[in-house]
Amino acid sequence: MKEVVISPAMLVEARDKAAEMGQLRNSIIRGAGNIAGFIGEAIAQQVLGGELTNTYDYDLVLLSGKTVDVKTKQTSVKPLDSYMCSVAAFNTTQECDYYCFVRVKNDFTVGWYLGLCSKEWFYKEATFMAKGTVDPDNNYVVRSDCYNLAIHKLPVS
């Protein structure tokens with residue numbers, strides 16, 4: 001896990017992109033996470049390099065040409081290794097090579113790069129959770145069908 005301080009420039013750019021984009025269809029929290037999502041993409045680019053592209057299928061193209069979709073969650077605290085990395089079930093058809101997982105603190109002061117894994121590996125290792133299910137690991141009621149994997153299970157990257 002790598003901690004990244006969110007600069008004022010990162011925050012301004014994320015707010016501008018979020019305003020331009022508006023609310024996405026199927027948004028679990030009705031667009032409220034857009035700023036955090038764009039900050040997550042900036043954090044991933046800072047750690048991994050590459051070029052931000054922000055398509056439906058992926059957000060980042062690495063120097064190798066491999067594509068990365070960044071999955072960001074907001075948090076009030078530094079994440080523990082037992083916290084979950086999630087991919088919504090309706091996003092499983094995205095054409096990307098890797099998933100990158102990021103957490104962003106609610107006050108947008110800091111974020112954490114959690115790790116990177118291939119899309120195929122993720123679905124082999126993750127657990128499917130249906131909407132309304134209580135996750136036995138943390139008692140969280142799942143808001144939308146998704147696949148979950150604990151941070152500590154991500155490959156070291």
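Because the structure is predicted, anything quoted here is derived from the model rather than measured. We use all heavy atoms of the structure for the numbers below, so side chains are in, but hydrogens, waters and symmetry mates are not.
Between Phe122 and the options Phe128, Phe101, Tyr98, a ring pair (Phe, Tyr, Trp, His ring centres under 6.0 Å) holds for only Phe101. No option in Leu116, Leu62, Thr67 other than Thr67 meets the side chain to side chain contact (heavy atoms under 4.5 Å, CB included) test with Asp97.
In the hydrophobic clustering of ILVMFWY residues, with side-chain heavy atoms under 4.5 Å counting as a link, Leu149 and Leu80 come out together. No continuous path of hydrophobic side-chain contacts links Tyr140 to Leu114 [ILVMFWY only; heavy atoms under 4.5 Å]. Tyr58 and Tyr147 fall into different hydrophobic clusters, where Ile, Leu, Val, Met, Phe, Trp and Tyr side chains are chained together by heavy-atom contacts under 4.5 Å. In the hydrophobic cluster analysis, where Ile, Leu, Val, Met, Phe, Trp and Tyr join through side-chain heavy atoms closer than 4.5 angstrom, Val47 is grouped apart from Val61. No continuous path of hydrophobic side-chain contacts links Met84 to Met129 [ILVMFWY only; heavy atoms under 4.5 Å].
Applying the side chain to side chain donor-acceptor pair (under 3.5 Å) test to pairs two or more places apart or on separate chains, those with a residue in residues 118-129 are Tyr99-Tyr123.
Between Gln74 and Phe108, the closest side-chain pair of non-hydrogen atoms falls below 4.5 Å. Looking at Lys71 and Asp69, their side chains come closer than 4.5 Å, going by heavy atoms from C-beta outward. The closest side-chain heavy-atom distance from Thr109 to Ile6 is not below 4.5 Å.
Rounded to the nearest 0.5 Å, atoms CE (Met10) and CZ (Phe38) are 13.0 Å apart. Atoms CZ and OG, on Arg103 and Ser76 in that order, are 9.5 Å from each other to the nearest 0.5 Å. In this structure, CD1 on Ile39 lies 11.0 Å from CG on Asn34, to the nearest 0.5 angstrom. Taking SG of Cys96 as the start and CG of Leu60 as the end, the distance is 11.0 Å to the nearest 0.5 Å. Taken from CG in Asp59 to CD in Glu41, the straight-line distance is 4.0 Å, to the nearest 0.5 Å. The distance from atom CD1 of Ile35 to atom OG1 of Thr72, rounded to the nearest 0.5 Å, is 13.0 Å.
Judged purely by distance below 3.5 Å, without hydrogens or angles, the side chains of Asp57 and Thr55 never pair a donor atom with an acceptor atom.
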List the steps and the verdict of side-chain contact (heavy atoms from CB on, under 4.5 Å) for Asn91 and Tyr56.
CA-CA 9 Å; Asn91 276 352; Tyr56 171 78; 3.9 Å; yes

Between Asp81 and Met1, does the side-chain contact (heavy atoms from CB on, under 4.5 Å) criterion hold? Intermediate values first, please.
CA-CA 9 Å; Asp81 284 346; Met1 184 179 322; 3.6 Å; yes

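Of all heavy-atom pairs spanning Ala150 and Ser82, the tightest one is CB-O, 4.1 Å. Pairing each heavy atom of Leu48 with each of Cys100, the nearest pair is CD1-SG, 4.2 Å. Between Val77 and Thr75, the closest heavy-atom pair is O-OG1, 2.9 Å. When every heavy atom of Ala44 is checked against every heavy atom of Val70, the shortest pair comes out as CB-CG2, 3.6 Å.
Under the rule for a side-chain hydrogen bond (donor to acceptor under 3.5 Å, both in side chains), Gln45 has no partner lying at least two apart in sequence or in another chain.
The local environment of CD in Glu13 is sparse, with at most 12 non-hydrogen atoms from other residues, nucleotides or ligands closer than 6.0 Å. A 6.0 Å sphere centred on CD of Glu95 holds no more than 12 heavy atoms belonging to other residues, nucleotides or ligands.
Checked by atom type and distance alone, the side chain of Ser86 never pairs as donor or acceptor with a backbone atom of Asn148 at under 3.5 Å. Without hydrogens or angle criteria, Asp145 side chain to Ala89 main chain gives no donor-acceptor distance under 3.5 Å.
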